[in-house]
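One structure is given below, encoded as structure tokens.
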Amino acid sequence: MTPTHPVILRPVEPRDNAGLRTIYNWAVENTTATLDTEERSADAQDEWIAKHDGLPYPAIVAEDADGGQIVGYASLSSFNPKAGYNTTAEVSVYVHCDWHGLRIGSALLSSLLMEADRRGFVCLIALITNGNEPSLRLHRNYGFMETGVLPKVARKFGGWVEVTILHRVLGDAA
Ligand SMILES: CC(C)(COP(=O)(O)OP(=O)(O)OC[C@H]1O[C@@H](n2cnc3c(N)ncnc32)[C@H](O)[C@@H]1OP(=O)(O)O)[C@@H](O)C(=O)NCCC(=O)NCCS
């Protein structure tokens, strides 16, 4: 998938801290896409980068090819720390709010799926909150199937949040 604005996709680096926090903290303050309710600090972002800049979990950033701004990122994280789940990971994709709808999320997810396959992950899980139609469309476009719905599983902004579980099996196992 080619974005409608040129971006460079590359692995996350420590220097991406501020760019990642701008994107994530906008989602914390304005959406239920994340169920974090407190903004992520610089230290917490450093820890997140350290967990995603090597094995087993990758993060890919999208950088504006014209100006170098971080405009989005996609990552894999632990779905469940128990060893039996080691071939499963949870997917996250975030695009800067000024850059939505430019196929950057699609490019990131496509690249992340290839990276996940290369690393031997077999099952990817996406947890999408009610009303997040762009994210549902994005994941369905890349073969994620709806597996179930968790009603009243979380609260944010004074209301209940429902979560739809989607999964995608990779490689030969698919
Ligand atoms: C979800 C998100 C990553 C999508 O990234 P994006 O770069 O804007 O999406 P793309 O341009 O690649 O489009 C992907 C699909 O979403 C659809 N879409 C994008 N913006 C939309 C909108 N405002 N309303 C409805 N659908 C929308 C596109 O039409 C496309 O679907 P289609 O091919 O069936 O038409 C982005 O909206 C985002 O970062 N949202 C906030 C954080 C978030 O929700 N992350 C996901 C957590 S599960």
Side-chain angles (χ1 to χ4, degrees), residues 1-10 12 16 18-40 44-45 48-49 51-52 57-67 69-80 88-116 121 123-157 159-168 170:
M1 171 59 65
T2 308
T4 54
H5 181 93
V7 294
I8 295 161
L9 301 184
R10 60 163 174 81
V12 73
D16 300 324
L20 296 178
R21 276 191 304 129
T22 298
I23 294 169
Y24 187 72
N25 287 336
W26 178 86
V28 171
E29 291 298 318
N30 296 286
T31 77
T32 59
T34 166
L35 291 161
D36 264 342
T37 55
E38 303 286 334
E39 290 197 355
R40 183 176 283 170
Q45 188 68 64
W48 186 95
I49 292 170
K51 277 190 191 153
H52 290 87
Y57 299 113
I60 298 166
V61 302
E63 191 180 305
D64 173 11
D66 292 339
Q69 181 189 349
I70 304 301
V71 295
Y73 68 94
S75 62
L76 297 181
S77 300
S78 169
F79 170 68
N80 187 310
T88 295
E90 185 179 337
V91 171
S92 296
V93 187
Y94 285 85
V95 172
H96 190 293
C97 58
D98 294 341
W99 295 72
H100 286 175
L102 300 178
R103 303 277 158 193
I104 293 168
S106 299
L108 282 164
L109 184 56
S110 166
S111 173
L112 188 71
L113 288 177
M114 285 189 281
E115 187 60 29
F121 287 102
C123 182
L124 300 183
I125 308 277
L127 301 174
I128 301 182
T129 52
N130 48 313
N132 195 347
E133 193 57 32
S135 187
L136 276 177
R137 291 178 75 127
L138 170 65
H139 286 84
R140 284 189 195 124
N141 286 348
Y142 285 91
F144 282 76
M145 312 279 287
E146 286 173 41
T147 309
V149 174
L150 300 170
K152 294 196 173 181
V153 73
R155 287 183 69 79
K156 191 167 179 183
F157 303 138
W160 290 109
V161 177
E162 178 181 287
V163 169
T164 299
I165 306 165
L166 292 91
H167 83 282
R168 165 86 144 81
L170 298 171

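We count ligands from 1, going down the list as the structure has it; atoms in each ligand are counted the same way.
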Evaluation steps, salt bridge (Lys or Arg N to Asp or Glu O under 4.0 Å), between Arg21 and Glu39: CA-CA 8 Å; Arg21 276 191 304 129; Glu39 290 197 355; over 6 Å; no
Of all heavy-atom pairs linking Lys156 and Ala27, the shortest is NZ-O, 3.9 Å
Does only the side chain of Asn132 get under 4.0 Å from ligand 1, or the backbone, or both, or neither? Count heavy atoms. side chain
Minimum heavy-atom distance between Gly143 and Arg168, given as atom pair plus value: O-CD, 3.3 Å
Would you mind running through ligand 1 and noting each atom that sits below 4.0 Å from a heavy atom of Ala33? 42 (C), 43 (C), 44 (O)
Can you give me the closest heavy-atom contact between Trp48 and Ala59, atom names plus distance? CH2-CB, 3.6 Å
Min over Cys97, Pro134, Gly105 of heavy-atom distance to atom 22 (C) of ligand 1 lands on Pro134
Nearest-option assignment for atom 41 (C) of ligand 1, heavy atoms, candidates His139, Arg140, His100: His100
For ligand 1, the portion of Ser135 having any non-hydrogen atom under 4.0 Å away: both
Test of understanding: given a 4.0 Å heavy-atom threshold, classify the contact between Asn141 and ligand 1 as side chain, backbone, both, or neither. side chain
Could you say whether the N/O atoms of Arg137 and ligand 1 ever approach to under 3.5 Å? yes
Show the nearest heavy-atom pair for residues Pro3 and Arg103, with the distance to one decimal. CA-CB, 3.8 Å
Side chain or backbone, does Gly101 bring an N or O within less than 3.5 Å of an N or O on ligand 1? yes
Does ligand 1 have an atom that lies less than 4.0 angstrom from a heavy atom of Leu127? yes
Heavy-atom count check: over 12 atoms from other residues, nucleotides or ligands less than 6.0 Å from Glu38 CD? no
Between Val163 and Val149, does a side chain to side chain contact (heavy atoms under 4.5 Å, CB included) hold up when you go through it step by step? CA-CA 6 Å; Val163 169; Val149 174; over 6 Å; no
Looking only at non-hydrogen atoms, find the nearest pair between Phe157 and Val28 and report the distance. CZ-O, 3.9 Å
Using distance alone, determine whether Glu133 and ligand 1 share an N or O pair under 3.5 Å. no
List ligand 1 atoms under 4.0 Å from Ser106, heavy atoms only on the residue side. 10 (P), 12 (O), 13 (O), 14 (C)
Which atoms of ligand 1 sit under 4.0 Å from any heavy atom of Tyr94? 39 (O), 42 (C)
Go through the steps to decide whether Val91 and Leu76 satisfy the test side chain to side chain contact (heavy atoms under 4.5 Å, CB included), and finish with yes or no. CA-CA 5 Å; Val91 171; Leu76 297 181; 3.9 Å; yes
Pairs of nitrogen or oxygen atoms closer than 3.5 Å, one from Leu138 and one from ligand 1: do any exist? no
Least distance between heavy atoms, Thr34 atom then Tyr24 atom: OG1-OH, 2.7 Å
Contact with ligand 1 for Ile104, non-hydrogen, under 4.0 angstrom: yes
Under 4.0 Å from a heavy atom of Leu102: which atoms of ligand 1 are those, numbered in the order shown and with their elements? 11 (O)
